Trainee: 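I'd like to ask some things about the structure below.
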Amino acid sequence: MTERIQDQVKEHFNFKLLHVDKHSKARAGIISTPHGDIPTPVFMPVGTHGAIKALQPNVLEDMDTKIILSNTYHLHLAPGSDLIKKAGGLHKFMNWPRPILTDSGGFQVFSLQKKSIKEEGAEFSDGKGKKVLLSPETSINIQQNLGSDIMMAFDECIPYPATREYTKNSMDRTHRWLDRCISTWNNPKQALFGIIQGSTYNDLREECIKELVARDLPGYAIGGVSVGEGAEWMEKIISFAAPLMPVDKPRYAMGIGNPEDLFMLWENGIDMSDCIIPTKFARGGTLFTSRGKMRIRHRNYRRDFYPIDHSCSCYTCKNFTRAYIKHLFDSNEILGQILATTHNIAFYKGLAEGARVAILEDRFMDYKKEFFTHYAKDSGDSGNDDNSDD
RNA sequence: GUGGCUGUAGUUCAGUCGGUAGAGCAUCGGAUUGUGAUUCCGAGUGUCGUGGGUUCAAGCCCCAUCAGCCACC
């Protein structure tokens, strides 16, 4: 009698819940994977094409980034997962020795304008006139070629708003897809996470969680959020779904969020999250600080010789001024994006680390309160330009 | 000295038959939530070289003048 893959994977992947905050649902734990341990809560930077844009892997390691996210869809289109397998897997290909989570491509299908979703899978054009079919089987096979530590099930991520009928039908199909994902899954060194759908309908979310838990997967994610529903709905969905998820498995909220969103996730007992915001915003010149967003291209920073964030100890803040970084952006120097990304990733990392320590000491709510007394959602530090030579 | 060309936004230029000015770049602002983002959206720039004239109305037509460039002497 052969052992189920769900049981085999437990030798290589597990989650240990260390502590739940006394005054909230916030959790601290540790995820073990073949490529290392991940203390939680954790924020995962996004490296879609097998690279965190503007950051060298050694910088990420120096910053003690524990896990990054990469993408099935993009790596399938280029350079192809067969090639990456030949290169020795994604870790080796991109020279990243630590854990990698790969998204299944479900979200990319969602964001494509032209697509056709059938029982078989999702069909779309690769943008160069070639038709591509992404199915549960192809998605898992690609992710197994990539060799990620955590694979995501291939799901349909539906837009907001969605009718109850569409949501229900789509969800049922995603469950059938999940079973096909599980049948294709054959590498016990790679964990497979299921994704909770159900849009804004609590009963469907609940039903979905039951279906997923019945499959006894290594971890579960809340999907179908950050699809345009807004902060209020997002919080409603998270706060409803998270407590229904298994206590002894990692809980992952996909694609969220802003710094303020992270506190909402953690407070509700989410362990993992990812978002393009810190990296993408950095490249556009929006930096995060303990006081809020800082748009470094603003004129105010022209002669501002303070670091981005006084309380930050990242490489950027230790060595460079706002005026210099603004200058780099004005001059279109790549270094501007590099320093900005370095800071934003360090900022997110710092928030998560602070949360973990606070949870372990049962003071997460104080930590949150402290954050929001300084953090202005709409505007941050307005700079120190003295205009003396105008 | 003579003839010609040019003069309009920070910049490069467009501006039809005369109807009180536009575009790219740059600037400034906003967006961005499992990255189809060096993207997307929005805003503003003006003594139309100057002074007169014709006209209901002039960036445009006429005269003068200034500046730059070119050609010829």
Side-chain angles (χ1 to χ4, degrees), chain A residues 43-54 67-78 100-115 124-128 130 132 134 139 143 148 150-160 193-197 219-231 233-235 237-238 252-262 264-265 270 272-286 288 293 295 297-302 326 329-334 336-338 340-341 344 348 377-379:
Chain A
F43 176 82
M44 306 183 284
V46 178
T48 300
H49 295 272
I52 307 294
K53 293 185 200 297
I67 176 170
I68 61 167
L69 182 147
S70 197
N71 207 282
T72 298
Y73 167 84
H74 300 268
L75 294 175
H76 173 58
L77 294 186
I100 299 175
L101 179 148
T102 44
D103 189 17
S104 64
F107 186 80
Q108 280 59 55
V109 171
F110 150 81
S111 60
L112 290 169
Q113 297 208 326
K114 277 187 170 179
K115 66 215 166 191
F124 49 89
S125 159
D126 68 353
K128 294 166 195 158
K130 217 172 117 189
V132 183
L134 210 50
S139 175
Q143 294 184 72
S148 53
I150 300 171
M151 305 186 289
M152 297 307 299
F154 186 68
D155 64 334
E156 184 189 359
C157 179
I158 61 174
Y160 170 87
F193 279 24
I195 303 175
I196 300 159
Q197 292 292 338
Y220 302 96
I222 300 175
V225 282
S226 61
V227 291
E229 75 278 14
W233 266 119
M234 191 185 281
E235 181 164 3
I237 295 167
I238 297 291
Y252 166 27
M254 305 186 78
I256 301 172
N258 285 304
E260 60 267 28
D261 296 332
L262 296 183
M264 181 275 287
L265 297 181
I270 293 293
M272 313 163 66
S273 59
D274 76 283
C275 192
I276 62 167
I277 282 180
T279 44
K280 190 171 190 171
F281 277 39
R283 277 174 282 124
T286 299
F288 293 98
K293 275 188 215 166
R295 297 195 173 88
R297 288 177 327 215
H298 280 202
R299 202 178 187 75
N300 304 11
Y301 303 117
R302 194 162 93 263
K326 169 175 167 51
F329 271 92
D330 288 347
S331 319
N332 242 320
E333 283 291 343
I334 298 167
Q337 300 191 331
I338 294 171
T341 304
N344 276 359
Y348 270 58
K377 202 174 150 190
D378 296 320
S379 64

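Bear in mind the structure is a predicted one, so any value in this text is a computation, not a measurement. Chain naming here is simple, since letters A, B, ... match the order of the sequence lines and numbering starts at 1 in each.
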Trainee: Looking only at side-chain atoms of A:R283, point me to the closest of B:G36, B:U32, B:A37.
Mentor: B:A37
Trainee: When the C1' atoms of B:C25 and B:G44 are considered, how many whole Å apart are they?
Mentor: 15 Å
Trainee: So does A:N71 get a side-chain nitrogen or oxygen closer than 4.0 Å to the phosphate oxygens (OP1/OP2) of B:U35?
Mentor: yes
Trainee: Sticking with atom P, work out how far B:G19 lies from B:A58, rounded to a whole angstrom.
Mentor: 11 Å
Trainee: Using modelled atom types and a 3.5 Å cut-off, is there a donor and acceptor pairing between side-chain atoms of A:N344 and backbone atoms of A:P278?
Mentor: yes
Trainee: Could you identify the nucleotide paired to B:A57, looking across every strand shown and requiring Watson-Crick or G-U wobble geometry with both distances under 3.5 Å?
Mentor: none
Trainee: So, does A:Q108 get its side chain near the phosphate of B:U35, meaning an N or O under 4.0 Å from OP1 or OP2?
Mentor: yes
Trainee: NA contact type, A:D103, heavy-atom cut-off 4.0 Å: base, sugar-phosphate, or nothing?
Mentor: base
Trainee: How far, in whole Å, is B:G46 from B:U8 if one measures between their P atoms?
Mentor: 15 Å
Trainee: Using atom C1' of each nucleotide, how far apart are B:U16 and B:U11 to the nearest Å?
Mentor: 25 Å
Trainee: Provide the distance between the two P atoms, one in B:G15 and one in B:A71, to the nearest whole Å.
Mentor: 26 Å
Trainee: Is it the case that the base of B:U35 and the side chain of A:T279 share a donor-acceptor contact (distance under 3.5 Å, atom types as modelled)?
Mentor: yes
Trainee: In whole angstroms, how far is the P atom of B:G29 from the CZ atom of A:R297?
Mentor: 8 Å
Trainee: Of the candidate nucleotides B:A37, B:G30, B:G34, which contains the atom at the shortest distance from the side chain of A:R295?
Mentor: B:G30
Trainee: Could you identify the nucleotide paired to B:A21, looking across every strand shown and requiring Watson-Crick or G-U wobble geometry with both distances under 3.5 Å?
Mentor: none
Trainee: Should A:M152 and A:L101 be marked as a side chain to side chain contact (heavy atoms under 4.5 Å, CB included) after you check the CA-CA gap, both sets of side-chain angles, and the distance that decides it?
Mentor: CA-CA 8 Å; A:M152 297 307 299; A:L101 179 148; 3.9 Å; yes
Trainee: Mind checking A:G106 for me? I need base, sugar-phosphate or nothing, with any heavy atom below 4.0 Å counting as a touch.
Mentor: nothing
Trainee: Distance between the P atoms of B:U47 and B:G42, in whole angstroms?
Mentor: 26 Å
Trainee: Heavy atoms under 4.0 Å, any strand shown: does A:H49 hit a base, just sugar-phosphate, or nothing?
Mentor: nothing
Trainee: Do A:K53 and A:T279 make a side-chain contact, defined as non-hydrogen atoms from C-beta onward lying under 4.5 Å apart?
Mentor: no
Trainee: Tell me: NE2 of A:H74 to P of B:G36, nearest whole Å?
Mentor: 4 Å
Trainee: Of the candidate nucleotides B:G30, B:G34, B:U32, which contains the atom at the shortest distance from the side chain of A:F281?
Mentor: B:U32
Trainee: Heavy atoms under 4.0 Å, any strand shown: does A:Q197 hit a base, just sugar-phosphate, or nothing?
Mentor: base
Trainee: Base, sugar-phosphate, or nothing: which does A:S273 touch, judged by heavy atoms less than 4.0 Å apart?
Mentor: nothing
Trainee: Begin with the C-alpha distance, continue with both residues' side-chain angles, and end with the deciding distance and a verdict on side-chain hydrogen bond (donor to acceptor under 3.5 Å, both in side chains) for A:Y252 and A:D274.
Mentor: CA-CA 9 Å; A:Y252 166 27; A:D274 76 283; 2.7 Å; yes
Trainee: How far apart are the closest heavy atoms of A:A54 and A:T341, and which atoms are they?
Mentor: CB-OG1, 3.8 Å
Trainee: Does the structure show a Watson-Crick or G-U wobble partner for B:A31, both distances under 3.5 Å? Name it, or say none.
Mentor: B:U39
Trainee: In whole Å, measure the gap between the C1' atoms of B:G49 and B:C66 for me.
Mentor: 7 Å
Trainee: Roughly how many Å is it from OH in A:Y252 to P in B:G34, rounded to a whole number?
Mentor: 9 Å
Trainee: Which distance, rounded to the nearest 0.5 Å, do you find between the CG of A:D103 and the CE of A:M151?
Mentor: 12.5 Å
Trainee: Of the nucleotides B:G34, B:U32, B:G36, which has the atom closest to the A:T286 side chain?
Mentor: B:U32
Trainee: Can you measure A:F329 atom CZ to B:C28 atom P for me and round it to whole angstrom units?
Mentor: 13 Å
Trainee: Could you check A:N332 against A:V46 and say which one's nearest nucleotide on RNA chain B is further toward the 5' end?
Mentor: A:V46
Trainee: Take atom CD1 of A:I67 and atom C1' of B:G34, then tell me their distance rounded to the nearest Å.
Mentor: 13 Å
Trainee: Under a 3.5 Å cut-off for both distances, is B:G1 Watson-Crick or wobble paired, and to whom?
Mentor: B:C72
Trainee: Which residue, A:F124, A:F107, A:F110, forms the ring-ring contact (aromatic ring centres under 6.0 Å, His included) with A:Y73?
Mentor: A:F124
Trainee: Would you indicate whether the side-chain heavy atoms of A:R295 and A:T286 approach each other to under 4.5 Å?
Mentor: yes
Trainee: Quickly work out the A:R299 CZ to B:U27 P distance and round it to whole Å.
Mentor: 11 Å
Trainee: Have a look at A:L77 and say if it touches a base, only the backbone sugar-phosphate, or nothing, with a 4.0 Å heavy-atom cut-off.
Mentor: nothing
Trainee: So what's B:U65 paired with, Watson-Crick or G-U wobble, going by both distances under 3.5 Å?
Mentor: B:G49
Trainee: Assuming nearest nucleotide by heavy-atom distance, tell me which of A:I276 and A:H298 is located more 5' along RNA chain B.
Mentor: A:H298
Trainee: I'd like the C1' distance from B:U38 over to B:G34, given in whole Å.
Mentor: 23 Å
Trainee: Whole Å only: how far is the CD atom of A:Q337 from the P atom of B:U32?
Mentor: 19 Å
